[in-house]
Amino acid sequence: MKKGEILCQRIFLLLYAVLLSVLFGLTAAPGISKRQYQDAAGLTGALSEGVSIPEALKQSSLRLANTDAGYLFLQKYGYHLEDTYKENAADLIIRSSVVFMSLVCIVLAIQHRNQTRLLTRINGLTQYLESINLGKDPVLTRHEDIFSHLEDEIYKTVTELRLSRNAACKDKQMLADNLADISHQLKTPLTSMSLMAQLLSEQGRREQQPYLDRLNHQIIRLSHLTSSLLTLSRLDAGAIQMYPQKVGVYELLTQAVEPIEELARERGVELFIQSQPEEELWADNSWTVEALLNIIKNCVEHTPSGGEVRVSYEHNPLYLQIIIQDTGPGFDSRDIPHLFQRFYRGKGAAKDSIGIGLALAHSILEKQGGMLRADNLPEGGARFTVKLYYKVRTKTD
């Protein structure tokens, strides 16, 4: 319950106590006033008939027998029932207000104490969970109260999650190690195959050249896959460190575009980069270039001849936003949620696509605290949005 709601509740209770006091005073005052006025009239009437004060006080029958004379006597001297009612009503309202408000204060004090205990208990459990989320290993102090069962379940759940996380980390590390080992094992035969293909190209007959070209293409493809798998395994294992430095955004983009300019020319695709050399950003130069290269290469490969790929960027106080868009067919709506999954090949994937480039770019940008998103342009074509925050993670994060 919020503080404003608690305050309104307390004000309502106090007003309710005052209302009860007024109702009680107005309801009880007539009966009490009538009884007092009758007693006063009987006593006054008995005294006027010569009855002694002790006798009149002891015998109620004497007072009742002389009430009529007492009424006349009291009215003669200006003492009426209405005067008694007003005095009793005011007195009863004041007294009952004190009683009721005292009871309300006691109730509120008890409620406040209970709420304080509940909030302290809830805050304790919340801080325990927050510490767990921060990777700490706090001690959960056990209490016997209404939260005991919840406390036990939280402790059991946290213990299970910790064990599951440790097991997942071990499995992830094992997978990363296996991928790294496989990648290293593949490098030696691939290098040998590349050398032998080169020798065959130099010494072979002309009719064999198409087959050698295909062989070289497959060797390059396998080499790229091996390198990408090794990079992903290092990212998973946390072996890659990011070293942010001040770099020009235009410089980053030109470095990313340079290796695929020849591919773009071969496919008849125009590359356009927004020129704004003064814009700078703190980022790891080589790994950010690697991520951008994979994104731009994906756009080039999915843009038909005569199309274009445009790269623009803008900034605000929080982040730099890089937009990479093409004039290709765009994404199938069913593929968009899975584009950054490893080895995922969408509906429009190229024949030789491995399905690892966008996943690698996504992992690299996330490692730097950045973000990568993909969608379709309203007028058609694919669009990638990269956000690189100015306050990026450090290499120790």
*Asks:* I'd like to know if L377 and I336 are part of one continuous hydrophobic network [Ile/Leu/Val/Met/Phe/Trp/Tyr, side-chain heavy atoms within less than 4.5 Å].
*Replies:* no
*Asks:* For D284 and Y243, indicate whether the former's side chain and the latter's backbone hold a donor-acceptor pair under 3.5 Å.
*Replies:* yes
*Asks:* Tell me if a side-chain donor or acceptor on R383 pairs with a main-chain N or O of I323 at a distance below 3.5 Å.
*Replies:* no
*Asks:* Hey, could you give me the CD/CD1 distance between E301 and I260, rounded to the nearest 0.5 Å?
*Replies:* 8.5 Å
*Asks:* Can you name the residues that form a salt bridge (Lys or Arg N to Asp or Glu O under 4.0 Å) with K246, not counting sequence neighbours?
*Replies:* none
*Asks:* Could you tell me whether Q341 atom CD has more than 12 heavy atoms of other residues or ligands within 6.0 Å of it?
*Replies:* yes
*Asks:* When you compare the side chain of I364 with that of T288, does any pair of heavy atoms fall below 4.5 Å?
*Replies:* no
*Asks:* Taking L118 as the starting point, is it possible to reach V107 by hopping between hydrophobic residues whose side chains are less than 4.5 Å apart?
*Replies:* no
*Asks:* Distance-only, no hydrogens or angles: does the T327 side chain make a donor-acceptor pair with backbone N or O of E308 under 3.5 Å?
*Replies:* yes
*Asks:* Determine whether L129 and V158 make a side-chain contact, defined as any pair of heavy atoms from C-beta on separated by less than 4.5 Å.
*Replies:* yes
*Asks:* Is it the case that one hydrophobic cluster holds both I296 and Y250, taking links as side-chain heavy atoms less than 4.5 Å apart, direct or via other members?
*Replies:* yes
*Asks:* Evaluate the ring planes of F331 and F384, with Trp represented by its six-membered ring, and classify them as parallel (under 30°), tilted (30 to 60°) or perpendicular (over 60°).
*Replies:* perpendicular
*Asks:* Any chain of hydrophobic side-chain contacts (each under 4.5 Å) joining V269 to L263?
*Replies:* yes
*Asks:* I'd like to check the salt bridge (Lys or Arg N to Asp or Glu O under 4.0 Å) partners of E160; sequence neighbours left out, ordered by chain and number.
*Replies:* none
*Asks:* State whether the side chain of E314 and the backbone N or O of Q321 hold a donor-acceptor pair below 3.5 Å, judged by distance alone.
*Replies:* no
*Asks:* State, to 0.1 Å, how close Y389 and G370 come at their nearest heavy-atom pair, and which atoms those are.
*Replies:* CD1-CA, 4.4 Å
*Asks:* Hey, is the main chain of I110 close enough, under 3.5 Å, to the side chain of N114 for a donor-acceptor pair?
*Replies:* yes
*Asks:* Answer yes if I273 and V300 sit in the same cluster of Ile, Leu, Val, Met, Phe, Trp and Tyr residues linked by side chain heavy atoms under 4.5 Å apart, and no otherwise.
*Replies:* yes
*Asks:* List the atom of P304, the atom of G328, and the distance in Å for their closest heavy-atom pair.
*Replies:* CD-CA, 3.8 Å
*Asks:* Examine distances only and state if a side-chain atom of Q368 and a backbone atom of A283 form a donor-acceptor pair shorter than 3.5 Å.
*Replies:* no
*Asks:* Does any non-hydrogen side-chain atom of L253 lie less than 4.5 Å from one of I322?
*Replies:* yes
